[in-house]
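Worksheet for the structure shown next.
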Amino acid sequence: MMAGGSPRPPGAGGHWRFIQHLYFHPASRKMQNPELKFVVLGTGGTIAGAATDASDNIGYLAAQRGIAELVRGVPALAEVALEAEQVAQLDSKDMDHTVWRTLALRCAFHLARPDVAGLVVTHGTDTLEETAWFLQRVLAPAKPVVLTAAMRPATALQSDGPQNLLDAVVVARAVGAHGVVAVLGGQMLGARDVRKVHPYRIDAFSAGDAGPVGVIEEGRLRRFRAWPQHGAALGVAVLPTDATAWPFVAIVTSHAGASGAVISALRAAGVRGLVVAATGNGRVHRELEHALLEAQRDGVQVLRSTRCGNGRVLDAETPALPSADDLTPAKARVELMLRLLAPAG
Ligand code: ASP
């Protein structure tokens, strides 16, 4: 293992100071082209979390361990040519647009390197699904970008991070791998489908109706269907340098007793896009719907998703408020923000 480095990319900004490179020499190069490397980008989360007591699974601090240490903690990874780079170090509940931009730029930088075959990104579980859809829409990579995370901190008795990291590298190395996917709990989930469905259990992620793309068993990917395809990349150039220039897009929920008051407040605060987490099959309380239609008439973009957690919004006819199809409310917010940054045609 030796220290290395690469040129500072444009836009890496203050996060550059966190960036460190470690190159892991493969002990065995039989299994792959010796010229090809994989880059593991660390952003923090519980996978890098630490508690003072090994039996404490909730009273820990996220984002305490560096990515090089996490990689070193998986002995099997010594067999793979890996670089490790710390892009950020945060609890993903605090993910923001500045870190997203830095991450997208670092991904784009490494994806463009001919000697790099794919990327793994370690992340917190809370907003992993948003980052997955964000990276897919911005990069639509021809190489794999595999997000992984953990529900237990690195110090836990039953820490799931090391296995998830190893499985993520297995997926990044798989023949034909491309696009953004997530690997957790032995499953590979598509960027559009992945969602956190449990706040505590180790099997906290689901791909909804779509199901997993495959499973990872003892170092092998068993794929059930084709690698997901999601259209062209928007490109990192659409992402504003200035965090305040990202469009303000909010999520509102339809529920019993909903009113238009929250829409009035958001409009007064300068909202440019609204995602409504509607009840059932995209149905919105009449008071809230009235306010949303008014906002839409005045130029605020609206997308209607379902708060059901699974399935999609099915419309009988062209709806007054456009549907987000099968995107969860959190992903629909990412989608709407990117549409505002890069209007189609
Ligand atoms: N709050 C943590 C995070 O999202 C939770 C986790 O990673 O499991 O960073």
Side-chain angles (χ1 to χ4, degrees), residues 15 18 40-71 73-74 84-104 106-107 119-136 145-169 171 180-189 191 193-208 212 216 251 309 328-331 333-334:
H15 287 281
F18 294 119
V40 186
L41 302 172
T43 71
T46 295
I47 193 167
T52 47
D53 176 352
S55 57
D56 186 353
N57 292 315
I58 54 171
Y60 63 88
L61 282 176
Q64 301 300 303
R65 301 266 163 98
I67 190 61
E69 189 182 341
L70 299 185
V71 171
V74 184
E85 176 177 312
Q86 196 78 49
V87 173
Q89 187 66 301
L90 83 170
D91 185 318
S92 84
K93 75 177 175 59
D94 298 322
M95 183 53 74
D96 62 35
H97 301 150
T98 304
V99 176
W100 264 357
R101 180 171 181 273
T102 303
L103 179 60
R106 292 311 293 157
C107 287
L119 312 181
V120 169
V121 178
T122 61
H123 201 282
T125 59
D126 286 349
T127 56
L128 180 141
E129 65 207 71
E130 294 170 55
T131 299
W133 189 237
F134 168 75
L135 290 178
Q136 176 59 44
V145 175
V146 185
L147 270 68
T148 193
M151 289 299 288
R152 299 286 179 265
T155 47
L157 292 172
Q158 196 188 6
S159 173
D160 50 331
Q163 184 70 55
N164 285 347
L165 182 54
L166 180 59
D167 288 351
V169 173
V171 168
V180 178
V181 293
V183 168
L184 298 127
Q187 301 194 101
M188 169 172 134
L189 314 167
D193 312 318
V194 60
R195 66 205 63 190
K196 188 173 181 180
V197 294
H198 200 283
Y200 178 72
R201 280 203 325 240
I202 283 187
D203 62 333
F205 281 81
S206 159
I216 302 92
I251 303 174
T328 62
K331 282 186 214 231
R333 196 197 79 85
V334 173

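All residue numbers refer to positions in the sequence shown, counting from 1. Both ligands and their constituent atoms are indexed starting at 1 by order of listing.
- A salt bridge links Glu85 with Arg106; the closest basic N to acidic carboxylate O contact falls under 4.0 Å.
- Between the side chain of Thr46 and the backbone N or O of Pro153, no donor-acceptor pair lies under 3.5 Å.
- For Arg152 and Tyr60, the positive end is not near the middle of the six-membered ring at less than 6.0 Å and at most 45° from its axis.
- When only non-hydrogen protein atoms are considered, atom 8 (O) of ligand 1 lies nearest to Thr125 OG1, 2.5 Å.
- Annotation: Tyr60 places no N or O atom under 3.5 Å from an N or O atom of ligand 1; distance criterion only.
- Using a distance-only test at 3.5 Å, with no hydrogens or angles considered, no donor-acceptor pair links the side chain of Glu130 to the main chain of Leu128.
- For ligand 1, one of its N or O atoms has an N or O atom of Thr46 under 3.5 Å away.
- For Gly49, the closest heavy-atom approach to ligand 1 does not fall below 4.0 Å.
- Looking only at protein heavy atoms, the nearest one to atom 3 (C) of ligand 1 is Asp91 OD1, 3.2 Å.
- Residue contacts with ligand 1: Thr127 is placed with no nitrogen or oxygen under 3.5 Å of a nitrogen or oxygen of the ligand (distance criterion only).
- With Ile67 as the fixed residue, the side-chain contact (heavy atoms from CB on, under 4.5 Å) test singles out one of Val40, Thr43, Leu41: Val40.
- Of all the listed residues (Pro199, Pro153, Ser92, Ala63), Ser92 holds the heavy atom that lies closest to atom 9 (O) of ligand 1.
- Within 6.0 Å of CG on Leu157 lie more than 12 heavy atoms contributed by other residues, nucleotides or ligands.
- With a 4.0 Å cut-off on non-hydrogen atoms, Ala150 touches ligand 1 through its backbone and not its side chain.
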